[in-house]
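This report refers to the structure that appears directly beneath it.
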Amino acid sequence: MSMVDGTAALPLPAIAESLSLRVYLDHIPVFFEEGEAVAWLDEIEDTEQPVKWFAQLWKPARTKVLNYLRALPADDAALILSALEVIQSER
């Protein structure tokens with residue numbers, strides 16, 4: 001475990017291999033279209049108040065996440081961004 005500015009981090013692989021997601025059907029999730037995902041990736045670094053999950057990432061991790069998402073096909077990036085938005089909305 002490492003500590004930076006009072007925040008603990010566990011050693012994890014550079015890229016997570018899977019994501020478990022529980023969706024409550026009381027709230028119908030909205031999924032990103034491919035074009036929306038591409039626009040989100042283009043605009044996120046210039047946004048004054050990025051979405052909470054992204055804002056909470058350590059800056060080097062944000063860069064790695066963005067580079068990874070940008071390297072994916074647009075439909076895969078859209079699915080990942082949608083899952084992250086669903087997770088955020090369930091909290």
Side-chain angles (χ1 to χ4, degrees):
M1 185 180 323
S2 64
M3 293 282 287
V4 176
D5 294 331
T7 302
L10 296 172
L12 296 173
I15 298 173
E17 292 183 13
S18 66
L19 171 69
S20 296
L21 177 65
R22 178 179 289 175
V23 177
Y24 296 99
L25 297 178
D26 294 338
H27 170 70
I28 298 172
V30 177
F31 288 89
F32 278 76
E33 297 290 329
E34 290 177 24
E36 293 172 319
V38 170
W40 189 94
L41 291 170
D42 289 341
E43 297 168 3
I44 190 61
E45 290 178 304
D46 298 328
T47 304
E48 287 185 27
Q49 288 188 313
V51 291
K52 188 175 180 180
W53 69 264
F54 186 76
Q56 291 177 330
L57 291 175
W58 182 45
K59 188 168 182 168
R62 279 187 291 209
T63 302
K64 283 190 174 194
V65 167
L66 284 176
N67 290 339
Y68 180 73
L69 289 172
R70 287 177 176 145
L72 292 174
D75 59 331
D76 290 346
L79 183 59
I80 291 169
L81 290 172
S82 298
L84 290 167
E85 288 295 322
V86 168
I87 291 168
Q88 188 64 47
S89 68
E90 295 294 329
R91 289 183 178 179

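These numbers were taken from a predicted model, which means no experiment stands behind them.
With sequence neighbours left out, E33 forms a side chain to side chain contact (heavy atoms under 4.5 Å, CB included) with E36. Looking at residues two or more places apart in sequence or on another chain, you find a side chain to side chain contact (heavy atoms under 4.5 Å, CB included) between P60 and W58. Remark: R62 pairs with no residue by the side chain to side chain donor-acceptor pair (under 3.5 Å) rule, at least two apart or across chains.
The stretch residues 67-83 participates, sequence neighbours left out, in these salt bridge (charged side-chain N to carboxylate O under 4.0 Å, His left out) pairs: E45-R70.
Note: the hydrophobic cluster containing L57 also contains L72 (ILVMFWY, side chain heavy atoms under 4.5 Å, direct or indirect links). Cluster membership check: V38 does not share its hydrophobic cluster with F32, using side-chain heavy-atom separations under 4.5 Å among Ile, Leu, Val, Met, Phe, Trp and Tyr. Transitive grouping of hydrophobic side chains (ILVMFWY, heavy atoms separated by less than 4.5 Å) keeps L79 and L84 in distinct clusters.
Atom CG of L66 and atom CG of D42 lie 10.0 Å apart (nearest 0.5 Å). Between Y68 atom OH and I80 atom CD1 the span is 5.5 Å, to the nearest 0.5 Å.
When all heavy atoms of A37 and A77 are compared, the closest pair comes out as CB-C, 4.3 Å.
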